[in-house]
Each structure stands twice: as structure tokens, then as C-alpha cells.
Amino acid sequence: MKEFTYTITNKTGLHPRRAGLLAMHAKAFQDTRITVSSNGNTANTNQLMKLISMGLRQGSKVTVAAEGP
């Protein structure tokens, strides 16, 4: 499992368009489970509405974890 921590720098945060791009790029890794965690909330990258509802704003620290080949 690989993971890293990132601080959101975009002033609009993780809005629907960017969350959709994240989900689209994550689909390229079919056998890998990619999750985003912040403030006790975790969402799989294929759960677009859950990603958006996490309310990630500029300055939010997120942990991205990938598990698989």
C-alpha cells in the first residue's frame, strides 16, 4: 500500500469538476483501490458524490492511499 498526504492549494477546493477528473484518472487503475481521507471521512475515488460531500476546501489536508498492483 502506498499513501501520501497533500494540502489542497486550489482556492475553490475539490469541487465537482476536479472530483470528476480525479475519479476519471483513477479508473485507469482498475485493480487498485484508491481512497481519499480527511478529518475522519474516507471516500473511494469511484464514489463521486461522497468525494464532493467531504467539503474539501483550500488548506484541507488529505491522505490519498492506493492499495493494489
Side-chain angles (χ1 to χ4, degrees):
M1 176 156 108
K2 300 280 184 178
E3 68 178 42
F4 65 92
T5 301
Y6 179 75
T7 302
I8 307 268
T9 57
N10 186 351
K11 63 182 176 180
T12 58
L14 187 66
H15 56 78
R17 182 170 180 252
R18 296 206 186 272
L21 288 171
L22 174 63
M24 182 182 70
H25 288 293
K27 282 185 181 182
F29 304 96
Q30 291 290 329
D31 297 334
T32 303
R33 181 172 184 254
I34 303 171
T35 58
V36 177
S37 303
S38 179
N39 296 327
N41 296 322
T42 302
N44 197 329
T45 53
N46 64 0
Q47 297 173 311
L48 187 58
M49 293 307 292
K50 193 166 183 180
L51 275 173
I52 295 168
S53 70
M54 288 175 71
L56 300 174
R57 305 278 182 235
Q58 184 179 27
S60 296
K61 291 189 187 311
V62 297
T63 301
V64 179
E67 189 172 342

- Query: With no hydrogens and no angle check, is any side-chain donor or acceptor of Lys2 less than 3.5 Å from a backbone partner on Val64?
  - Reply: no
- Note on the structure: Scanning both residues in full, the closest heavy-atom pair of Leu48 with Gly20 reads CD1-N, 3.6 Å
- Does Ile52 belong to the same Ile/Leu/Val/Met/Phe/Trp/Tyr cluster as Leu14, with side-chain heavy atoms less than 4.5 Å apart forming each link? no
- Message: Restricting to non-hydrogen atoms, name the atom on Gln58 and the atom on Thr9 that form the minimum distance, rounded to 0.1 Å.
- Response: NE2-O, 3.1 Å
- Ala66 to Thr32 - nearest heavy-atom pair and separation: CB-CG2, 4.0 Å
- Ala26 versus Ile34, closest heavy-atom pair with distance: CB-CD1, 4.0 Å
- Message: For a quick test of reading the model, state the closest non-hydrogen atom pair linking Asn44 to Leu51 and the distance between them.
- Response: O-CG, 4.2 Å
- Message: Please determine whether residues Phe4 and Met54 belong to a single hydrophobic cluster, defined as Ile, Leu, Val, Met, Phe, Trp and Tyr linked transitively by side-chain heavy-atom distances below 4.5 Å.
- Response: yes
- Query: Do the side chains of Met24 and Phe29 join up, straight or via other hydrophobic residues, at under 4.5 Å, putting them in one cluster?
  - Reply: no
- Message: Please give me the minimum heavy-atom distance between Arg18 and Gly13, naming the atom from each residue.
- Response: CD-O, 4.2 Å
- Message: If I take atom OG1 from residue Thr45 and atom CZ from residue Arg33, how far apart are they, to the nearest 0.5 angstrom?
- Response: 9.0 Å
- Item | Candidate list Thr35, Val36, Thr42, Thr5, test side-chain contact (heavy atoms from CB on, under 4.5 Å), partner Thr63, passing option | Thr5
- Message: Rounded at 0.5 Å granularity, tell me how far CG in Asp31 sits from CD in Glu67.
- Response: 12.5 Å
- Item | Identified side-chain contact (heavy atoms from CB on, under 4.5 Å) counterpart of Leu56 within the set Asn41, Asn39, Val62 | Val62
